[in-house]
Amino acid sequence: WSGLFLPQQCLGYNLRLLAIALSPVAFIALLMAAGISLRLYRWRAAPAPRARPWIAEAALGVLDLTPAGLVLIFCFVPSISA
């Protein structure tokens, strides 16, 4: 699948391997950032006497999409048995 995004002519073997290895981590970080931004967007749209501070809402945003991140880890990160 990496041949679609990273043709062999563009990057060497080491850089392609690094990109393939870090792509699940980047995707999970993007998912967590989306959770935080959605939670903070709803927090800003709420009326002025808000129930929680923004940092608590950001932490809850991470927790909102943690199950999806765990599914991605299970699907994309291989298990290693020595």
Side-chain angles (χ1 to χ4, degrees):
W1 64 270
S2 66
L4 297 173
F5 301 109
L6 301 169
Q8 291 181 354
Q9 298 84 9
C10 293
L11 297 173
Y13 177 75
N14 291 337
L15 289 177
R16 281 181 50 143
L17 186 63
L18 184 66
I20 291 169
L22 292 180
S23 62
V25 175
F27 190 61
I28 291 167
L30 181 68
L31 188 68
M32 294 296 153
I36 291 170
S37 64
L38 286 173
R39 201 45 115 121
L40 290 179
Y41 176 75
R42 283 185 263 153
W43 180 80
R44 284 181 55 101
R50 297 176 178 109
R52 283 177 240 149
W54 70 271
I55 193 77
E57 288 293 328
L60 289 173
V62 170
L63 293 176
D64 282 344
L65 294 179
T66 298
L70 292 175
V71 169
L72 288 174
I73 289 172
F74 179 76
C75 292
F76 290 117
V77 178
S79 60
I80 299 172
S81 59

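Please read all numbers here as calculations on a predicted model, not as lab measurements. The basis for the numbers below is simple: all heavy atoms, side chains too, and nothing from hydrogens, waters or symmetry mates.
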remark   = In terms of heavy-atom contacts, V62 and M32 come closest through O-SD, 3.6 Å
R50 NZ/CZ over W43 ring centroid, <6.0 Å and within 45° of normal = yes
message = Using side-chain heavy atoms (C-beta onward) and a distance below 4.5 Å, is I36 in contact with E57?
response = no
request  = Taking salt bridge (charged side-chain N to carboxylate O under 4.0 Å, His left out) as the test, write out the residues that go with R42, two or more places apart.
outcome  = none
ask   = Side-chain heavy atoms under 4.5 angstrom apart, residues restricted to Ile, Leu, Val, Met, Phe, Trp, Tyr: same cluster for F27 and L18?
value = no
note = Applying side chain to side chain contact (heavy atoms under 4.5 Å, CB included) to V71 and not counting sequence neighbours gives C75
ask   = At what distance, to the nearest 0.5 angstrom, does CG of L60 lie from CG of L38?
value = 13.5 Å
ask   = In terms of hydrophobic clustering (I, L, V, M, F, W, Y; side-chain heavy atoms under 4.5 Å; direct or indirect links), are L65 and L72 co-clustered?
value = yes
key: F74 reachable from I28 in the ILVMFWY side-chain graph, under 4.5 Å edges   = no
query = What pairs meet the salt bridge (Lys or Arg N to Asp or Glu O under 4.0 Å) rule with one or both residues in residues 21-30, with sequence neighbours excluded?
reply = none
